[in-house]
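First up is the structure itself, then whatever we jot down about it.
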Amino acid sequence: MEEKERRLDTLVAELEALRSTLRMGGGERRIARQHAQGKLTARERVEALLDPGEPFVEVGLLVAHDRYDGQAPAAGVITGVGRVEGREVVVVANDATVKAGSWWPETITKILRAQEIAMRCRIPIIYLVDSAGVNLPYQGGVFPGQYGAARIFYYNSVMRRYLKVPQLAAVMGPCIAGGAYLPALSDVILMVEGTSFMGLGGPNLVKGATGQTVGQEELGGARVHTEVSGVAHYSVPDDATCVKRLRQLVSELPAARAIEPSGPGTAPTREASELAAILPDNHRQPYDMKAVLDVVLDGEGLDEFQPEYAGEMICGTGFIAGHPVGVIANRRTMVKDNREGPPRFGGILYTESARKVAFFIETMNRRGTPLLFVQDVSGFMVGPQEEHAGIIRAGAEFVEAMATAAVPKLVLTINHASGAGYYAMAGQGFDPDFILSLPTGRMGVMEGESAVVALFSGQLERLKAEGKVPDEDLRTRMDEVRDDYERQLDARFAGARGFVDEVVTPAELRPALELLLRAALHNRGPHLGAFHLGSFDGERPAHG
């Protein structure tokens, strides 16, 4: 009998199919046009820039894939974290095959997130510019506002003036109007002869505004800006040479702070492929969270903290590629221990477990040990017993400890990320350094069935009292709510809106965590927002 395909395997296959489509950008015809112009595509440029064989965490590949009738794959920009000359960097590359690399509202969101990663981690950021500017039909979501395009240039300026984060820009196509400030506020600007242009206005705008007729090269080509205006610093003959020059410039940067692991790092005791069997096909069913951690952590496994107390929360220390981490994970089985009363539900936070985690976080913070939150949480427990035990105060202690911990914080969503429990487990609003999700992740206030109960319970109770059953119209509306919640709970929905940095496959999980952890460790801290320049009582202790 043929074995049924596992839920995780199915979701991975669906994710890979979507990714394959999105990575084609504007499609084969526009890729061919880019090549005919003597230019590499954005993905070819990024691939040539990054160290071969090293992981690349593409932040926001799924963003906007389900908007604009599919016309904005990846929002027209590639953003992510990788390695260049052995050094962790952030990359931003306009995809000119998507509406000439023009800026959609979500393009701004992705660029800002990339800049925030560079600021938070204090690692170089490289811009590969090839953009026709604002996508005019959507200018209302691009141009104005606190987090409109101007914020990009604000971040440019903060990195230059205060944070000393290296910014390298290569103009590899058009760079028009306000977008020209992105490279202009960088430390180094390269331009490609014959294909790059930089100007506050193109030839058509100049003619309309001044009546002057001028060619693109004469107005703002590579030769003009490297020989006449002095705006750019290096002129290169083609894209391939440009990318090589960028790699050389990265190699010439002052040495980064050494990120030495505590040991050589050992292979996990379980293979990534085992996750499909570990995680249940029904997301409501229990499973062994420690087996999941055996896939994530080095072979030494987890040294669990208070294993016999408040066991619905797992706390402990382990290693990822030799780097120590403090792990906080939700156990997804029923827990019966020495506490009075019935067994505790896994994935639910109780008063005792909230206080246990708060203490553990504060201990890790004092030691300078980075934190890894492994989410499968349905929320905090409700009811008179927990309210009388002070769960509100205990939950507040947990949230405050998490929010103010000055060490790097990484988040991995396994299944549920619901309610206030999602917030406490380092939800996005609390500014963790990175958030990854498996395709099984489900992010939302509550599950669809719970939403149906919340929205329709009054009507259902009245019908029950009258001895009636829901009619077809009510059943249809209830089914629509279930379907809508199911769609919004999908990890791809979260990825499309930037609620997670990347939805990763099991095979990608460990390499991604190692890369992102090393990137975060470049900043000695505190990790309390991208702009925090000082420290509390001196720098936090070195990790470990």
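Below, all heavy atoms of this structure are taken into account, side chains as well, without hydrogens, waters or symmetry copies. Since this is a predicted model, take the numbers as computed values, not measurements.
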Could you check whether the rings of Y138 and W104 sit parallel, tilted or perpendicular, using 30° and 60° as the cut-offs?
tilted

Do the side chains of E16 and R19 get close enough for a salt bridge, i.e. N-O under 4.0 angstrom?
yes

Can you establish whether the number of heavy atoms outside Y423 located under 6.0 Å from its atom OH is more than 12?
no

Measure the shortest side-chain to side-chain distance between T107 and N135 over non-hydrogen atoms and say whether it is less than 4.5 angstrom.
no

Evaluation steps, side chain to side chain contact (heavy atoms under 4.5 Å, CB included), between V98 and V77
CA-CA 9 Å; V98 179; V77 64; over 6 Å; no

Would you indicate whether E47, at its atom CD, is surrounded by more than 12 heavy atoms from other residues, nucleotides or ligands within a distance under 6.0 Å?
no

Give a yes-or-no answer on whether the side chains of Y155 and E116 include a donor-acceptor pair shorter than 3.5 Å.
yes

With a 4.5 Å heavy-atom cut-off, do L18 and E14 have their side chains touching?
no

Does any non-hydrogen side-chain atom of L521 lie less than 4.5 Å from one of P370?
yes

Looking at every heavy atom in both A426 and M402, which two are closest together, and how far apart are they?
CA-SD, 3.7 Å

So among V325, I414, L412, V374, which one has a side chain to side chain contact (heavy atoms under 4.5 Å, CB included) with V296?
L412

Where do L436 and A512 come nearest, in terms of heavy atoms and distance?
CD1-CB, 4.0 Å

Test applied, side chain to side chain contact (heavy atoms under 4.5 Å, CB included); reference residue, M313; option that passes from R331, E352, Q306, M425:
M425

For E304, the option from I314, T317, V327 that meets side chain to side chain contact (heavy atoms under 4.5 Å, CB included)
I314

Determine, step by step, whether R442 and E486 satisfy the salt bridge (Lys or Arg N to Asp or Glu O under 4.0 Å) criterion, reporting the C-alpha distance in whole Å, the side-chain angles of both residues, the deciding distance to 0.1 Å, and the verdict.
CA-CA 9 Å; R442 299 172 64 83; E486 195 65 26; 2.9 Å; yes

Mark yes when over 12 heavy atoms from residues, nucleotides or ligands other than L474 sit less than 6.0 Å from its CG; otherwise mark no.
yes

R497-T109 side chain donor-acceptor pair, cut-off 3.5 Å:
no

Between E312 and K356 (salt bridge meaning N to carboxylate O under 4.0 Å), is one present in this structure?
no

Do R284 and E449 meet the salt-bridge criterion of a basic N to acidic O distance under 4.0 Å?
no

Could you tell me whether the side chain of D298 reaches within less than 4.5 Å of the side chain of R510, counting heavy atoms only?
yes

Derivation and outcome, side chain to side chain contact (heavy atoms under 4.5 Å, CB included), residues C121 and F434
CA-CA 10 Å; C121 297; F434 296 101; 3.8 Å; yes

P268 vs V295 side-chain heavy atoms within contact, under 4.5 Å
no

With the threshold set at 4.0 Å, does a side-chain nitrogen-carboxylate oxygen contact exist between D95 and R43?
no

Name the residue from V63, I78, V92 that meets the side chain to side chain contact (heavy atoms under 4.5 Å, CB included) definition with K110.
V63

What residue among K409, R120, R113 forms salt bridge (Lys or Arg N to Asp or Glu O under 4.0 Å) with D431?
R120

Is there a side-chain contact between T79 and V90 in this structure, where contact means two heavy atoms from C-beta onward sitting under 4.5 Å apart?
no

